[in-house]
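In what follows, every chain begins at residue 1, and chains take the letters A, B, ... in the order their sequences are listed. In this text the structure is predicted, and so the values were computed from the model without any measurement.
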Amino acid sequence: MRRPRRVPKAGKEKGAFVQEIADPSVDFAQWYVDVVTKADLIDYAPVRGCVVFKPYGYNLWERTQEALDRRFKATGHQNAYFPLLIPESFLLREQQHVAGFTPEVLWVSTGGDEILQERLAIRPTSEAIIGPMYSRWVQSYRDLPILINQWCSVVRWEKATRPFLRTTEFLWQEGHTAHATTEEAQEETLRMLEVYRDFYENEMAIWVVPGQKTESEKFPGALRTYSVEALMGDGRALQAATSHNLGQNFAQAYEIRYLDREGQLQFAHTTSWGLSWRAIGALIMVHGDARGLVLPPKMAPTQVVIVPIGTGAEGEAVRTRARQLKDRLGEVARVHLDDRDEYTPGYKFNHWELRGVPVRLELGPRDLREQQCVLVRRDTGEKAVVPQDGLELTVRALLGEVQDNLLRRSRQKVLDSTREVQSIAEIEAIVSERAGFAAGGFCGDAACEMKVHEETGATIRNIPFAQRPAERCAVCGQPAKHSVLWARAY
RNA sequence: CGGGCUGUGGCGCAGUUUGGUAGCGCGCUACCUUGGGGUGGUAGAGGUCGCGGGUUCGAGUCCCGCCAGUCCGACCA
């Protein structure tokens with residue numbers, strides 16, 4: 001179905017609340033572009049697929065970093081930094097890895113006016129530079145495990161780009177670990193996947209499905225790849241983070257070897273795991289609505305915006321009280337007082353709703369007289385008149401309730417949008433109306449996987465840890481090895 | 001990478017068919033007014049028409065190339 005190129009946006013008609021963004025139920029893609037630009041998250045840069053991450057958007061990334069970094073440290077990891085440039089010969093050493101990545105590698109071939117003897121790849125991911133370093137650092141089993149993470153950007157020459165979801169350069173973190181045993185490596189791989197699941201659920205309020213990738217969907221060079229998969233507001237899936245057990249493949253390619261207790265030379269077992277600013281895209285597409293962003297309190301740069309109402313002496317009294325409330329609430333929340341004189345209250349309501357602020361506090365002359373204020377929550381739009389007395393507790397509780405509600409809503413959406421399928425026709429039906437996940441049996445044959453992809457555009461998102469009963473492959477009817485989730489993915 | 005569409009003050013658009021030297025709404029600036037869901041008024045500022053070439057006396061408008069955005073497809077961790 002070809003959509004109109006541009007859905008007309010509402011003009012300045014009276015009564016139109018949202019006048020800057022497309023209706024997500026009509027054109028979700030346009031809505032997304034409108035939100036990321038109009039809510040001040042990004043601006044487009046001059047190079048294809050590159051964006052400027054503006055302060056309000058970057059703030060979301062800073063919270064992502066803080067929340068994840070805390071979890072990485074708690075699981076024994078340290079941060080380090082490896083170079084942006086990778087010698088071509090390094091990249092070539094792991095065969096599957098090369099085949100997977102070279103189509104989208106950007107190369108540096110000159111420095112100043114000097115033509116380089118060996119081309120340098122701008123990292124598309126850092127296995128090829130970290131592996132050789134680990135090789136130097138590891139001699140003995142006593143040097144293991146190595147548990148390192150780095151925050152950086154990587155570059156991939158993508159053909160079709162979208163802000164956050166697929167960009168030429170993107171911010172992410174990549175953890176790289178080396179272990180003495182296969183068991184340890186596998187534990188680490190699953191431990192970090194669980195960290196991602198916990199982060200999405202408890203910080204982003206996004207319900208995700210953890211599981212294993214199929215052979216054809218796994219990371220180039222990996223033994224096994226795991227992912228957490230999320231469901232966007234339009235029914236398409238998004239791979240929200242991945243964790244790879246690299247087995248001994250990279251250890252062999254980069255000669256990461258150690259002497260074990262018996263004096264035998266062994267290859268280490270390595271893992272890598274990553275989460276990118278794509279998480280911000282998920283945040284937008286899971287919670288956003290027709291008025292724009294909806295941010296869970298834990299991620300919101302501003303959790304409570306105070307809008308004072310009133311003019312003259314009355315307005316001054318309101319503002320004075322608003323400042324007092326701001327100071328009080330500052331103890332329990334991130335509060336912003338919008339006391340700009342040049343905008344009306346109604347304008348500010350729309351302004352902050354577009355930016356997803358979880359709770360708005362309105363304070364006017366009436367409230368001053370009654371020692372009350374009005375709280376409006378962004379997720380449901382509900383208004384409540386509450387006493388100023390004890391406001392700290394009221395607000396803290398409300399923020400908690402918004403956070404919880406968003407997670408509940410996200411979880412319910414995944415449950416409601418996951419439907420059992422017995423045939424390829426049923427998969428087709430679900431993905432064609434972009435209704436979410438199709439859950440069904442899979443025999444494990446890549447041919448069946450490919451057939452579904454060709455006929456419906458859907459891919460196997462993962463093989464969920466939480467297996468459903470599935471006797472037969474929904475594609476070929478042969479006995480199923482496991483139940484999987486199909487969906488159209490970003 | 002293939003096909004479609006788009007690019008005109010900060011934003012949204014008209015003007016392109018039929019070439020004649022750029023316009024509207026919002027926003028912005030100043031002042032007044034208003035303020036519980038995008039107040040109203042008066043006076044202003046702001047544009048190498050994405051970039052480069054070509055045709056022409058003359059190009060926003062016609063032709064070619066490129067860049068960027070976007071949709072569909074292919075590809076993709």
TODO: Examine B:rG37: is either OP1 or OP2 under 4.0 Å from a nitrogen or oxygen in the side chain of A:Tyr343? Give yes or no.
DONE: no
Open item on the list: Distance check, P atoms only: B:rU70 and B:rG65, in whole angstrom units.
Closed with: 23 Å
Task: Intermediate values then yes/no, salt bridge (charged side-chain N to carboxylate O under 4.0 Å, His left out), A:Arg366 and A:Glu370 - done: CA-CA 6 Å; A:Arg366 278 207 301 275; A:Glu370 306 291 332; over 6 Å; no
Open item on the list: Please verify the inter-ring angle class for A:Phe72 with A:His77; under 30° counts as parallel, over 60° as perpendicular, anything in between as tilted.
Closed with: perpendicular
Task: Sugar-phosphate only, base, or nothing, as touched by A:Pro163 at under 4.0 Å among non-hydrogen atoms - done: sugar-phosphate
Task: Side-chain ion pair, A:Asp367 and A:Arg321, N-O less than 4.0 Å - done: no
TODO: Name the nucleic acid region contacted by A:Thr161, choosing base, sugar-phosphate or nothing; use a 4.0 angstrom heavy-atom cut-off, strictly under.
DONE: sugar-phosphate
Task: Options B:rC76, B:rG37, B:rA74, nucleotide nearest the side-chain atoms of A:Arg291 - done: B:rG37
Task: Listed nucleotide nearest any side-chain atom of A:Tyr347, set B:rU70, B:rG38, B:rG36 - done: B:rG38
- [ ] State whether A:Arg166 places a side-chain N or O below 4.0 Å from either non-bridging phosphate oxygen (OP1 or OP2) of B:rU70.
- [x] no
Open item on the list: Only pairs with both distances under 3.5 Å count, Watson-Crick or wobble alike; so what is the partner of B:rC26 in this structure?
Closed with: B:rG10
TODO: Let me know the distance between CG of A:Leu165 and P of B:rU70, rounded to the nearest Å.
DONE: 11 Å
Task: Nearest-angstrom distance from the residue atom NE2 of A:His97 to P of B:rC76 - done: 16 Å
- [ ] Specify the residue among A:Ala489 and A:Gly310 whose closest nucleotide of RNA chain B lies further upstream toward the 5′ end.
- [x] A:Gly310
- [ ] Pick the C1' atom in B:rC57 and in B:rG15, then give their distance to the nearest Å.
- [x] 23 Å
Open item on the list: How many whole angstroms separate atom CD of A:Gln30 from atom P of B:rC71?
Closed with: 8 Å
Task: Along RNA chain B (nearest heavy atom to each residue), the more 5'-positioned of A:Glu353 and A:Tyr490 - done: A:Glu353
Open item on the list: Taking the P atom in each of B:rC5 and B:rC49, what is the distance between them to the nearest angstrom?
Closed with: 24 Å
Open item on the list: Rounding to an integer number of Å, can you tell me how far A:Glu362 CD sits from B:rG38 P?
Closed with: 12 Å
Task: Any donor-acceptor N/O pair under 3.5 Å between B:rG37 base and A:Arg360 side chain - done: yes
Open item on the list: Does A:Glu455, at its CD atom, have more than 12 non-hydrogen atoms belonging to other residues, nucleotides or ligands within less than 6.0 Å?
Closed with: yes
TODO: Looking only at side-chain atoms of A:Tyr44, point me to the closest of B:rC76, B:rG69, B:rA74.
DONE: B:rG69
Task: Separation of B:rU34 C1' from A:Asp341 CG (nearest whole Å) - done: 11 Å
Open item on the list: I need the NZ-P distance between A:Lys159 and B:rA68, as an integer number of Å.
Closed with: 16 Å
Open item on the list: So if I take every side-chain heavy atom of A:Arg488 and compare against B:rU70, B:rG37, B:rG73, which nucleotide ends up nearest?
Closed with: B:rG73
Task: Same-atom distance (C1') from B:rG38 to B:rG50, integer angstrom - done: 31 Å
Open item on the list: Without decimals, in angstroms, what is the distance between A:Arg461 CZ and B:rC76 C1'?
Closed with: 11 Å
Task: Span that lies between the P atom of B:rC62 and that of B:rU16, in whole angstrom - done: 9 Å
TODO: Using the six-membered ring of A:Phe349, assess whether NZ or CZ of A:Arg360 lies under 6.0 Å from its centre and within 45 degrees of the ring axis.
DONE: yes
TODO: Using only heavy-atom distances, decide whether a donor-acceptor pair under 3.5 angstrom links the side-chain of A:Arg48 to the base of B:rC67.
DONE: no
- [ ] Determine the Euclidean distance between corresponding C1' atoms of B:rC11 and B:rU55; express it in Å to zero decimal places.
- [x] 35 Å
- [ ] Using a heavy-atom cut-off of under 4.0 Å over every strand shown, decide if A:Val374 touches base, sugar-phosphate, or nothing.
- [x] base
Task: G-U wobble or Watson-Crick pairing nucleotide for B:rC75 (cut-off 3.5 Å, both distances) - done: none
- [ ] Considering only atom P, compute the distance from B:rC24 to B:rG9 and round it to an integer number of Å.
- [x] 15 Å
Open item on the list: Categorize A:Pro103 for me: base, sugar-phosphate, or nothing, with a 4.0 angstrom heavy-atom threshold over every strand shown.
Closed with: nothing
Open item on the list: Within the 4.0 Å heavy-atom criterion, would you say A:Gly49 contacts the bases, only the backbone, or no part of the nucleic acid?
Closed with: sugar-phosphate
Task: A:Val33 side chain, from C-beta outward: closest of B:rU70, B:rG36, B:rA74 - done: B:rU70
- [ ] Hunt down the Watson-Crick or G-U wobble partner of B:rC51, both distances under 3.5 Å, from any strand shown, or write none.
- [x] B:rG65
Open item on the list: Both conditions, 6.0 Å and 45 degrees, for the charged tip of A:Arg278 above the ring of A:Phe164: are they met here?
Closed with: no
- [ ] Verify the contact: side-chain N or O of A:Arg162 to OP1 or OP2 of B:rC71, cut-off strictly under 4.0 Å; return yes or no.
- [x] yes
TODO: Using side-chain hydrogen bond (donor to acceptor under 3.5 Å, both in side chains) as the criterion, point out the one residue from A:Glu187, A:Gln186, A:Gln212, A:His179 that pairs with A:Asn245.
DONE: A:Gln186
TODO: Would you mind checking if A:Lys54 and A:Asp40 are paired as a salt bridge, meaning a charged N to carboxylate O distance below 4.0 Å?
DONE: yes
TODO: Tell me which nucleotide among B:rU70, B:rG36, B:rC75 gets nearest to the side chain of A:Asp367.
DONE: B:rG36
TODO: Rounded to the nearest angstrom, tell me the gap between atom CD in A:Glu158 and atom C1' in B:rA68.
DONE: 17 Å
Open item on the list: In whole Å, measure the gap between the C1' atoms of B:rA22 and B:rG41 for me.
Closed with: 28 Å
